[in-house]
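Residue numbers count from 1 along this sequence. In this text the structure is predicted, and so the values were computed from the model without any measurement. Only heavy atoms go into these numbers, but all of them, side chains included; no hydrogens, no water, no symmetry mates.
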Amino acid sequence: MELGDLPALANFRAAEEAFVPFDGQHDIEQGRHAQPLGRSAGHNVAADLFGADMVPFSPFDPCGTTLDLGAAGALVCQGWDRQVAMTGQEAKKIKVLVNTQMIYPPVDDVAALFKMADYRYSPMA
């Protein structure tokens, strides 16, 4: 039996593929939208249980990419067409911030954890 065969659960399927089209134009890898997808899926499960409105999945905007280049620093790109926004050691600071803080939920601050779990949250705000 596939998840799609279970009508009640099909609405909450996060992704079965490594790349998932979400708007008919862009495919993004699972890791890029794991947090916002989890937020909307979690909200929608609770909304379905309590008869509340569901929300559509919405990825972080702007879409950003960071690439560590070792001693050369890093590369930061923005947008679906990956326009270079920053390079070198300045970009490395962003890459370190993403890898050490932005992708991890706070574990010692309940209010911050609930804020980050809200489907409307964006780390860019």
Side-chain angles (χ1 to χ4, degrees):
M1 177 180 279
E2 301 226 358
L3 185 57
D5 296 334
L6 303 172
L9 296 178
N11 294 329
F12 310 116
R13 178 175 47 209
E16 296 173 354
E17 302 83 12
F19 286 83
V20 180
F22 76 93
D23 67 355
Q25 295 180 348
H26 303 98
D27 291 343
I28 54 179
E29 63 268 23
Q30 178 67 8
R32 175 165 318 284
H33 65 278
Q35 288 181 347
L37 183 60
R39 287 182 191 99
S40 60
H43 173 90
N44 288 341
V45 167
D48 186 60
L49 289 172
F50 294 105
D53 292 336
M54 293 190 192
V55 297
F57 164 66
S58 178
F60 291 143
D61 190 26
C63 173
T65 305
T66 58
L67 175 65
D68 196 316
L69 300 173
L75 177 69
V76 173
C77 298
Q78 289 187 333
W80 297 110
D81 56 353
R82 307 289 195 267
Q83 292 293 313
V84 174
M86 194 181 307
T87 61
Q89 295 307 313
E90 184 180 7
K92 183 77 152 204
K93 292 176 186 175
I94 300 297
K95 181 63 176 171
V96 169
L97 176 70
V98 168
N99 283 3
T100 61
Q101 295 179 32
M102 293 180 74
I103 63 173
Y104 297 104
V107 295
D108 57 352
D109 185 341
V110 174
L113 183 60
F114 276 107
K115 178 181 176 185
M116 193 175 183
D118 188 317
Y119 72 91
R120 297 163 291 200
Y121 171 82
S122 172
M124 308 311 273

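V84 places a side-chain heavy atom less than 4.5 Å from the side chain of L75. In this structure, R39 and M116 have side chains that are in contact, with non-hydrogen atoms separated by less than 4.5 Å.
Annotation: salt bridge (charged side-chain N to carboxylate O under 4.0 Å, His left out) contacts involving residues 109-122, sequence neighbours excluded, comprise D118-R120.
Counting all heavy atoms, side chain and backbone alike, S40 lies closest to P56 at CB-O, 4.2 Å. Of all the heavy atoms in A72 and Q89, the pair that sits closest is C-NE2, 3.8 Å. In terms of heavy atoms, Q78 sits closest to A85 at CG-CB, 4.1 Å.
Atom CG of N99 is separated from atom NZ of K92 by 9.5 Å, given to the nearest 0.5 angstrom. Atoms CD1 and CE, from I94 and M102 in turn, are 8.5 Å apart once rounded to the nearest 0.5 Å. The CG atom of L97 sits 9.5 Å away from atom OG1 of T66, with the distance rounded to the nearest 0.5 Å.
Q83 meets the side chain to side chain donor-acceptor pair (under 3.5 Å) test with D81; sequence neighbours excluded.
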| message | As a quick check of understanding, evaluate side chain to side chain contact (heavy atoms under 4.5 Å, CB included) for V76 and K95, giving each step before the final call. | response | CA-CA 8 Å; V76 173; K95 181 63 176 171; 5.9 Å; no

